[in-house]
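Computed from a predicted structure; not experimentally measured. Below, each value reflects all heavy atoms present in this structure, side chains not excepted, and no hydrogens, waters or symmetry copies.
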Amino acid sequence: MLNTNDLTLTDVVDIDTLSNVQSKLADLVGISVVTADANGNPLGRFNNFSPFCQLIRSSKIGAKKCIECDAQAEQKAFATGKPTISDCHLGLKDCCVPIIVNNKLLGGVLGGQVLVDDQENPKSKFDIPKLAKELDLEESELAVAIDNLAVVEPEYLQDCVDFYEVLANYFTEMGIKSLFQQQLLKETQEKLDYERRLKYAELKTVEAQINPHFLFNTLNSISRVAMSENAPLTEEMIYNLSDLIRYNLKQTEEFPLLKNEIKNIRRYLSIQKVRYGDRLNYQINLPNHLEDFCIPYMILQPIVENAIIHGIEPLAKGGSVYISVSRNEEDISILVKNTGVGFKKQQALKILEGKDGSSDGIGFLNSHLRLRDYFGENYGLQILNDETFSTVIKIFFPAFTDYNHYKNKVII
């Protein structure tokens, strides 16, 4: 379900629809009604409000007190989970039915605005001169409005509550329906994004598979020439490139062993070492007892490539890349550190949130999202602070040797 912490009534209920429904029903039953947000602010129109309440709310001071009063009534109703009948700040009886969606108070349906016929001449309690001065109103207008106030039997208030419950339940159902539609839209969008990433990966694989026999035959021919010319470094580089490409083309496992992925990373770094010479140093630490754990295919390489291209390459003196694998209870962590150009944390955060407009972070973002697709929002990439290194990226995923077994275990 969507996070409802910041949800408001206007997020799930259309104000025009709310106003129209409220107005039609209020006219039918002849009862005053207003729908307010969780802070007591009215939404839409006031319907069948008494002249007294209309006059009080025309005053800035009066309107503020009415809003505060409505907010208190909503909080009281939310705390009890039931409709409330209470005295407003001027002593009129007000009713409130809360609008609650996903255990969150979004607002309330309120009204009443009457005096109850339980005492002799209830209108006499108003000090008209004092109230007029306090609210900056004309005494004559206030006197007429008080004189027109309805004095009802207590049963009338229950009729009001029944009517407000009908409205509140309708708005609550609208809110739940809207929330469900938002959740469905979010899940559909996530599914489309996931499928788009898969299609992108499939496309890149197809592009790489164009006439591989020609590519390998050419590399073998170059290797033999290097051997005949006594160029062992060139020969080694060609063999590493050939093995790197062959591994990427023939890899059919979605979750290969860590030792195989690390071996392929060593090939990549060996080739880059020839290219950069003394400007690049690297070190990889994969403990023997972790070699047979699995990792999603091609999660690690984009991070290492990023460390080389954006960290080491821009510096004349180069830098170092360190890769270390560790296990913490049920999870595997891979740290990729580099001493080159620092990866600005704000930029990295934008990439992880999908808000970076450049193409530099596509592989970075795809690795993060794929880990979340597989294992949930608790996993993915993290950016860590380290005084020794300019950039530290943590790749975080569950420890397993068989994905199907892990998946069934999680489901159970």
Side-chain angles (χ1 to χ4, degrees), residues 3 190 194 197 247 251 253-269 281-308 310-312 319-340 342-354 361 363-412:
N3 183 353
E190 288 176 348
Y194 177 59
R197 289 193 292 275
Y247 177 82
Q251 178 56 251
E253 294 179 284
E254 196 172 7
F255 299 93
L257 299 181
L258 265 169
K259 62 183 178 183
N260 293 334
E261 283 290 289
I262 291 294
K263 186 176 181 179
N264 203 45
I265 292 296
R266 288 185 188 277
R267 297 186 188 110
Y268 170 77
L269 288 172
N281 293 295
Y282 65 88
Q283 181 178 323
I284 300 177
N285 178 30
L286 172 62
N288 293 335
H289 67 281
L290 298 181
E291 288 185 342
D292 291 330
F293 283 92
C294 297
I295 179 175
Y297 174 60
M298 287 297 286
I299 285 291
L300 178 57
Q301 184 159 329
I303 312 306
V304 177
E305 288 180 357
N306 186 82
I308 299 290
H310 299 291
I312 308 301
S320 301
V321 176
Y322 297 89
I323 302 170
S324 61
V325 185
S326 62
R327 181 184 178 187
N328 180 17
E329 296 181 356
E330 299 301 317
D331 300 310
I332 297 285
S333 295
I334 302 179
L335 296 181
V336 180
K337 311 175 183 179
N338 72 269
T339 60
F343 198 10
K344 292 182 180 179
K345 189 168 184 179
Q346 290 303 317
Q347 181 188 5
L349 290 174
K350 284 184 178 180
I351 291 174
L352 291 181
E353 294 171 359
F364 195 84
L365 176 61
N366 278 345
S367 291
H368 178 62
L369 294 178
R370 283 179 59 209
L371 287 169
R372 291 187 138 199
D373 288 336
Y374 286 131
F375 309 118
E377 294 187 358
N378 290 331
Y379 297 97
L381 303 185
Q382 297 177 5
I383 305 149
L384 305 180
N385 293 321
D386 192 308
E387 294 181 358
T388 306
F389 300 92
S390 57
T391 304
V392 179
I393 304 298
K394 179 181 179 181
I395 306 170
F396 191 52
F397 56 93
F400 60 90
T401 55
D402 183 292
Y403 180 67
N404 289 327
H405 177 71
Y406 160 78
K407 192 174 182 181
N408 292 333
K409 180 180 178 182
V410 170
I411 292 174
I412 293 172

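Looking only at side-chain heavy atoms (C-beta outward), Ile395 and Phe397 come within less than 4.5 Å of each other. A heavy-atom distance below 4.5 Å is found between the side chains of Leu290 and Arg327. Residues Leu371 and Phe396 are not in side-chain contact: their nearest non-hydrogen atoms beyond the backbone lie 4.5 Å or more apart.
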* To do: Go through the steps to decide whether Lys394 and Leu381 satisfy the test side-chain contact (heavy atoms from CB on, under 4.5 Å), and finish with yes or no.
  => CA-CA 6 Å; Lys394 179 181 179 181; Leu381 303 185; over 6 Å; no
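Contact record, Glu261 with Met298: OE1-N, 3.3 Å, taken as the closest heavy-atom pair. When all heavy atoms are compared, the tightest approach of Pro287 to Val325 is CD-O, 3.3 Å. Nearest heavy-atom pair, Cys294 versus Asp402, reported as atom, atom and distance to 0.1 Å: SG-N, 4.4 Å.
Remark: side-chain polar atoms of His368 are not paired, donor with acceptor, to backbone N or O of Gly380 under 3.5 angstrom. In this structure, the side chain of Ser367 engages the main chain of Ile299 through a donor-acceptor pair within 3.5 Å. A donor-acceptor pair under 3.5 Å is formed between the side chain of Arg372 and the backbone N or O of Glu377. Not a single donor-acceptor pair under 3.5 Å links the side chain of Ser320 to the backbone N or O of Thr339.
Interatomic distance, Asn366 CG to Asp373 CG, rounded to the nearest 0.5 Å: 9.5 Å. Interatomic distance, Leu269 CG to Gln283 CD, rounded to the nearest 0.5 Å: 12.0 Å. Put simply, CD1 on Ile312 and OG on Ser390 are 7.0 Å apart, with the number rounded to the nearest 0.5 Å. Here the straight-line distance linking atom CD1 of Ile323 with atom CD1 of Ile303 works out to 10.5 Å at 0.5 Å rounding. Residue Ile295 holds its CD1 atom at 13.0 Å from CD of Glu253, rounded to the nearest 0.5 Å. The distance from the CD atom of Gln301 to the CD1 atom of Ile262 is 11.0 Å, given to the nearest 0.5 Å.
Residues passing the salt bridge (Lys or Arg N to Asp or Glu O under 4.0 Å) test with Asp292, sequence neighbours excluded: Lys259. Applying the side-chain contact (heavy atoms from CB on, under 4.5 Å) test to Asn260 and every residue at least two apart in sequence or in another chain returns Tyr247, Leu257.
The ring pair (Phe, Tyr, Trp, His ring centres under 6.0 Å) test with Phe255 is passed by exactly one of Tyr406, Tyr374, Tyr297: Tyr374. Among Asn338, Ile383, Leu384, the one residue that satisfies the side chain to side chain contact (heavy atoms under 4.5 Å, CB included) test with Ile393 is Ile383.
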Tabulate below the donor-acceptor pairs under 3.5 Å that side-chain atoms of residues 329-337 make, not counting sequence neighbours, or state none.
residue, atom, partner, partner atom, Å
Asp331, OD1, Tyr379, OH, 2.7

